[in-house]
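Working notes, structure below.
In this text, all values refer to a predicted model and were calculated from it rather than measured experimentally.
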Amino acid sequence: MRLTILGGGGFRVPLVYGALLGDRGERRVTEVVLHDLDAARLAAVTRVLAEQAAAVPDAPRVTATTDLDEALTGADFVFSAIRVGGLQGRAEDERVALAQGVLGQETVGAGGVAYGLRTVPVAVDIARRVARLAPDAWVINFTNPAGLVTEAMSRHLGDRVIGICDSPVGLGRRIARVLGADPGEAFVDYVGLNHLGWVRGLRVAGRDELPRLLADPALLGSFEEGRLFGPDWLRSLGAIPNEYLHYYYFNRETVRAYQEAERTRGAFLRDQQSGFYAEARDPAVSALALWERTRAEREATYMSENREAAGAGEREAEDLAGGYEKVALALMRAIAHGERTTLILNVRNGTALAALDADAVIEVPCLVDAAGARPVAVDPLPGHATALVCAVKAVEREVLAAADSGSRAHAVAAFALHPLVDSVTVARRLLDGYTAVHPGLAYLR
């Protein structure tokens, strides 16, 4: 099988290739095509992958290209992991938002809207090219904001595009671990949008173990989300929220922590990865060892401002291993081999969540086999969660409308309607600020 990775010069590509090296079954990936607009980044990542494969017989062959059509032609699977504007763009998203006193995180709040506005047109172009050059390919979307971008691509690829995120998987794994259950044997009842969902149950052998966790304050406070949100708030919710909901439930504290930080997350990653790519050019340096050191620092500092605001302490060692590459490989194997499995994915709603229309992309457990991914039936969300999901989905639809029409009015509405932006005046200032620093937003008029 041929796998094309868009954003192939990206820092997390070695995670995907490392997972592929462990897959020795039939119908495995035999060729990996890396596509990126930056040839130097491609060269650095190719060096890392070569070191990963050095001791692995019959490792997937790796080629690299800056030609998108060449990369897509003949692909069986396409992983889309692009970052429009690069990490400098992410740093600008954060800076412009914080200057207006609102959150600039890359998928949540004003920063997520800005990132979506410049990413959706590019993602739509990719979807159209896939439909033309590789109509039988399955697209697995990593690109953030994952739910929004998957929905944009689904308008051209239907159910052949599936979005993934490791956040719900990590949350389910932590809950299972605290409860003494095997994560592989547990069904996680998780519902919402990408970076906006709740675990409402964790069933092991047909029994829901979540009430036992919610009834035990000590147990609740013993893992990341318990420390982040606090046991009292989790008991009030009767559910365990995705970590990104900390931006909503503790917005003022988080904005203040971001404003007081020496550097924003985007600026930190920009500087860190610039150093990695520069040093990786040196043939005397082990690119793989350098990448591993850089990744360890990256994972340890994930959501550090939120943990600082909550007094949650350092991340646990078990949570530093990542996981999105394992979700991607499990999804790809299920489709390629027809192996029936259940995964939490971003897919079109159908009739799964009554509050949203059929085409809305949601994040829920899905049954996956050779026919693709289908959302399982889920119980309705409580009123407060339904209101938040509907509000954020309305924002996503304004982003899609702006990208489709080039309408500045829709772009302003996307900012103004977001629950974390409380002013039309601020929304207009945000758009002015973003269009001033992002050439990719020049299409808005």
Taking only distance into account, with no hydrogens and no angle test, what donor-acceptor pairs under 3.5 Å do side-chain atoms of residues 229-240 form with protein atoms, sequence neighbours excluded?
residue: Asp232; atom: OD1; partner: Arg235; partner atom: NH2; Å: 2.6
residue: Ser236; atom: OG; partner: Asp232; partner atom: O; Å: 3.0

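- Inspection of the Glu363 and Tyr190 side chains reveals an N or O donor paired with an N or O acceptor under 3.5 Å.
- Summarising the geometry, atom CZ belonging to Arg252 is positioned 12.0 Å from atom CG belonging to Leu420; distances are rounded to the nearest 0.5 Å.
- The shortest distance between side-chain heavy atoms of Ile162 and Val139 does not fall below 4.5 Å.
- Distance check: Ile344 CD1 to Asp166 CG gives 11.5 Å after rounding to the nearest 0.5 Å.
- Closest approach of Pro183 and Arg173 over heavy atoms only: CG-CG, 4.0 Å.
- From Met332, atom CE reaches atom CD of Glu325 across 11.5 Å, with rounding to the nearest 0.5 Å.
- Of all heavy-atom pairs between Thr107 and Pro145, the closest is CG2-CA, 4.1 Å.
- Looking at heavy atoms from C-beta onward, Leu196 lies in side-chain contact with Leu245 at the 4.5 angstrom threshold.
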CA sep, side-chain torsions, deciding dist, call: Val78, Ile140, side-chain contact (heavy atoms from CB on, under 4.5 Å)
CA-CA 6 Å; Val78 176; Ile140 300 177; over 6 Å; no
Could you check Asp58 against Arg28 for salt bridge (Lys or Arg N to Asp or Glu O under 4.0 Å), going step by step and ending with a plain yes or no?
CA-CA 11 Å; Asp58 199 25; Arg28 66 186 180 87; 2.2 Å; yes
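- Taking Asp159 as the reference, Arg348 meet the side chain to side chain contact (heavy atoms under 4.5 Å, CB included) condition, with sequence neighbours excluded.
- Remark: the Glu297 side chain and the Gln272 side chain contain an N/O donor-acceptor pair separated by less than 3.5 Å.
- With hydrogens and angles disregarded, a donor-acceptor distance shorter than 3.5 Å links the side chain of Asp208 to the backbone of Leu202.
- Ion pairing between Arg295 and Glu292 fails under the 4.0 Å rule for side-chain N and carboxylate O.
- You'll find the side chain of Asn144 stays beyond 4.5 Å of the side chain of Val149, heavy atoms only.
- Separating the CG atom in Leu290 from the CD atom in Glu279 is a distance of 4.5 Å, to the nearest 0.5 Å.
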Check against side-chain contact (heavy atoms from CB on, under 4.5 Å), Leu193 and Lys393
CA-CA 8 Å; Leu193 306 180; Lys393 180 55 69 176; 3.8 Å; yes
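- Without hydrogens or angle criteria, Tyr258 side chain to Val102 main chain gives no donor-acceptor distance under 3.5 Å.
- Other residues, nucleotides and ligands contribute more than 12 heavy atoms inside 6.0 Å of the CZ atom of Arg212.
- Using a 4.5 Å heavy-atom cutoff, the side chains of Val364 and Val376 are not in contact.
- Checked by atom type, the side-chain pair Thr341/Glu339 shows no donor-acceptor distance below 3.5 Å.
- Taking Val33 as the reference, Arg2, Thr4, Glu31, Thr63, Thr65, Ala71 meet the side chain to side chain contact (heavy atoms under 4.5 Å, CB included) condition, with sequence neighbours excluded.
- Proximity of Thr264 to Arg95: side-chain heavy atoms (C-beta onward) are nowhere separated by under 4.5 Å.
- The side chain to side chain donor-acceptor pair (under 3.5 Å) test applied to Arg256 returns no partner, not counting sequence neighbours.
- Using a 4.0 Å cut-off between a side-chain N of Lys or Arg and a carboxylate O of Asp or Glu, Arg174 and Glu225 qualify as a salt bridge.
- Side chain of Arg41 to main chain of Asp36: no donor-acceptor pair is present (N/O by atom type, distance under 3.5 Å, no hydrogens or angles).
- With sequence neighbours left out, the ring-ring contact (aromatic ring centres under 6.0 Å, His included) criterion links Phe142 to Phe79, Tyr324.
- In this structure, the side chains of Asp359 and Ser154 stay at 4.5 Å or more apart for every pair of heavy atoms.
- A donor-acceptor pair under 3.5 Å is absent between the side-chain atoms of Arg340 and the main chain of Leu367, judged by distance alone.
- Annotation for Val378 and Ala352: closest pair CG2-O, 3.1 Å, computed over non-hydrogen atoms.
- Every residue two or more places apart in sequence or in another chain that forms a side chain to side chain contact (heavy atoms under 4.5 Å, CB included) with Arg83 is listed here: Leu87, Arg90, Glu106, Tyr115.
- At least one donor-acceptor pair under 3.5 Å links the side chain of Asp216 to the backbone N or O of Ala218.
- Residues Val178 and Leu213 meet the side-chain proximity criterion, which asks for heavy atoms closer than 4.5 Å.
- No side-chain donor from either of Gln273 and Thr294 sits under 3.5 Å from a side-chain acceptor of the other.
- The closest donor-acceptor contact from the side chain of Glu94 to the backbone of Gly266 lies under 3.5 Å.
- A salt bridge does not link Arg397 to Asp404: none of the charged nitrogens lies less than 4.0 Å from a carboxylate oxygen.
- Remark: the backbone N or O of Ala287 is paired with a side-chain donor or acceptor of Glu51 at under 3.5 angstrom.
- A donor-acceptor pair under 3.5 Å is formed between the side chain of Arg227 and the backbone N or O of Ser222.
- A donor atom on one side chain and an acceptor atom on the other are not found under 3.5 Å apart for Thr150 and Asn346.
- Rounded to the nearest 0.5 angstrom, Asp189 CG and Arg200 CZ are separated by 4.5 Å.
- In this structure, Ile82 and Val84 have side chains that are in contact, with non-hydrogen atoms separated by less than 4.5 Å.
- The one candidate from Tyr248, Phe250, Tyr244 that meets the ring pair (Phe, Tyr, Trp, His ring centres under 6.0 Å) condition with His246 is Phe250.
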side-chain contact (heavy atoms from CB on, under 4.5 Å) evaluation trace for Leu20 with Leu3:
CA-CA 10 Å; Leu20 293 174; Leu3 167 64; 3.7 Å; yes
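- A distance of 8.5 Å separates CG of Leu148 from CG of Leu117, quoted to the nearest 0.5 Å.
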Stepwise ring-ring contact (aromatic ring centres under 6.0 Å, His included) check, Tyr277 with Phe11
CA-CA 9 Å; Tyr277 286 107; Phe11 185 78; 7.0 Å; no
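- Not one N or O on the side chain of His438 forms a donor-acceptor pair closer than 3.5 Å with the backbone of Gly440.
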Verdict with reasoning, Thr386 to Val389, per side-chain contact (heavy atoms from CB on, under 4.5 Å):
CA-CA 5 Å; Thr386 296; Val389 163; 5.8 Å; no
